[in-house]
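See below for the structure under consideration.
Note that the numbering runs from 1 along the sequence shown for the chain.
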Amino acid sequence: MQVMSLTQANAEQIVQWHYPAEYAFYNTDADPDDCAELLSPSRRGDRFYQVIEDERLLGYFCTEETSQAGVVEIGLGLAPDWTGKGYGVSFVQLLVAHVIEVEHPRKLLMNVAQFNQRAQKVYQRAGFEIVKTYDQVDDMGKRYPFVWMAKTIG
């Protein structure tokens with residue numbers, strides 16, 4: 001697996017991804033602001049990366065600084081046709097190693113929908129722990145239960 005800056009062509013491919021059943025919650029085109037950010041090179045800046053395996057797009061991730069010094073939040077997406085096939089842990093380990101090398105954080109954070117036990121298990125195997133639960137409210141006022149997961153570095 002190889003990490004590099006997200007190309008426009010792959011950003012356009014990512015917004016076409018559609019996940020099955022309840023995982024459709026993660027479809028990028030379900031959130032207009034997320035979709036616009038992903039498609040805009042100026043909004044993406046240098047925070048979005050792609051992960052390539054055998055010349056195919058395996059997934060992507062992005063980083064965001066938080067209000068806490070040395071704490072970086074990570075967002076990610078694994079291509080729908082690669083989910084459930086054993087790539088999750090190595091994918092997360094690769095992106096964690098990249099973020100550590102580039103940004104030198106003391107702690108990493110990820111948030112994940114509470115129903116997504118599959119992702120939580122992958123993140124836990126990669127060294128993240130659940131640190132709190134909360135409700136995320138969308139633009140329509142609908143509440144979704146989420147968990148924050150953290151990994152302390154060093």
Side-chain angles (χ1 to χ4, degrees), residues 1-17 19 23 25-31 33-134 136 144-154:
M1 285 187 274
Q2 184 180 13
V3 175
M4 60 192 71
S5 292
L6 181 62
T7 64
Q8 185 64 30
N10 281 339
E12 291 171 10
Q13 182 179 337
I14 291 164
V15 299
Q16 301 300 316
W17 289 353
Y19 297 94
Y23 297 104
F25 176 84
Y26 291 107
N27 293 348
T28 306
D29 61 3
D31 185 320
D33 189 55
D34 285 350
C35 191
E37 180 180 33
L38 193 57
L39 290 174
S40 169
S42 63
R43 287 187 64 189
R44 282 194 317 264
D46 60 356
R47 304 176 303 110
F48 281 74
Y49 302 90
Q50 61 192 22
V51 177
I52 305 295
E53 172 82 1
D54 296 328
E55 299 183 20
R56 290 186 55 206
L57 179 62
L58 176 63
Y60 77 99
F61 66 96
C62 62
T63 62
E64 188 159 332
E65 293 181 18
T66 68
S67 60
Q68 302 171 17
V71 179
V72 174
E73 182 179 347
I74 298 172
L76 62 87
L78 190 61
D81 58 341
W82 291 74
T83 61
K85 296 187 172 142
Y87 288 97
V89 173
S90 58
F91 175 73
V92 173
Q93 289 171 333
L94 177 72
L95 70 87
V96 164
H98 181 82
V99 173
I100 290 169
E101 180 181 326
V102 172
E103 301 196 28
H104 312 290
R106 64 178 176 80
K107 184 184 281 188
L108 299 173
L109 297 175
M110 290 198 290
N111 64 355
V112 61
Q114 192 171 34
F115 78 83
N116 194 347
Q117 297 294 309
R118 180 173 70 183
Q120 289 177 45
K121 288 176 186 174
V122 166
Y123 303 157
Q124 287 171 327
R125 288 192 309 215
F128 286 80
E129 298 177 352
I130 295 173
V131 293
K132 80 174 190 175
T133 60
Y134 69 100
Q136 185 169 320
Y144 298 94
F146 269 75
V147 296
W148 271 112
M149 299 186 76
K151 177 180 178 81
T152 301
I153 309 304

Residue pair E12, Q8: steps toward the side chain to side chain donor-acceptor pair (under 3.5 Å) verdict: CA-CA 6 Å; E12 291 171 10; Q8 185 64 30; 3.2 Å; yes
NZ/NE/NH1/NH2 to OD/OE distance under 4.0 Å, R43 and D34: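 Salt bridge between R43 and D34, a charged N being under 4.0 Å from a carboxylate O: no.
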May I ask you to say whether E37 pairs ionically with R47, meaning some side-chain N is under 4.0 Å from a carboxylate O? yes
Carefully, step by step, assess Q114 and T133 under the rule side chain to side chain donor-acceptor pair (under 3.5 Å). CA-CA 8 Å; Q114 192 171 34; T133 60; 5.1 Å; no
Quick one: does any side-chain atom of [X] pair with a main-chain N or O of [Y] as donor and acceptor, under 3.5 Å?
| X | Y | answer |
| --- | --- | --- |
| T66 | V71 | yes |
| N10 | Q13 | no |
| N27 | D29 | no |

Close side-chain approach of [X] to [Y], heavy-atom, < 4.5 Å:
| X | Y | value |
| --- | --- | --- |
| Y144 | F146 | yes |
| L109 | V72 | no |
| Q124 | I130 | yes |
| L95 | Y49 | no |
| F128 | W148 | no |

Between R125 and Q120, do the side chains contain a donor N or O and an acceptor N or O under 3.5 Å apart?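 Their side chains do not contain a donor-acceptor pair, so the 3.5 Å distance test is not met.
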Between S5 and Q50: side-chain donor-acceptor atoms closer than 3.5 Å: no
Over 12 non-hydrogen atoms of neighbours within 6.0 angstrom of CD in Q117: yes
Are more than 12 heavy atoms, taken from residues, nucleotides or ligands other than D81, located less than 6.0 Å from that residue's CG atom?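 Correct, the count exceeds 12.
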Drop me the distance from E73's CD to Q68's CD, to the nearest 0.5 angstrom. 11.0 Å
Between atom CD of E53 and atom CZ of F91, what is the distance when rounded to the nearest 0.5 Å?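 Those atoms lie 11.5 Å apart.
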Is the charged tip of R118 near the ring of Y123: under 6.0 Å from the six-membered ring centre and within 45° of its axis? no
Anything under 30° is parallel, anything over 60° is perpendicular, the rest tilted; go ahead and classify W82 against Y87.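 Rings of W82 and Y87: perpendicular, as their planes differ by over 60°.
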Compute the ring centroids of Y19 and F25, then answer whether they are less than 6.0 Å apart. no
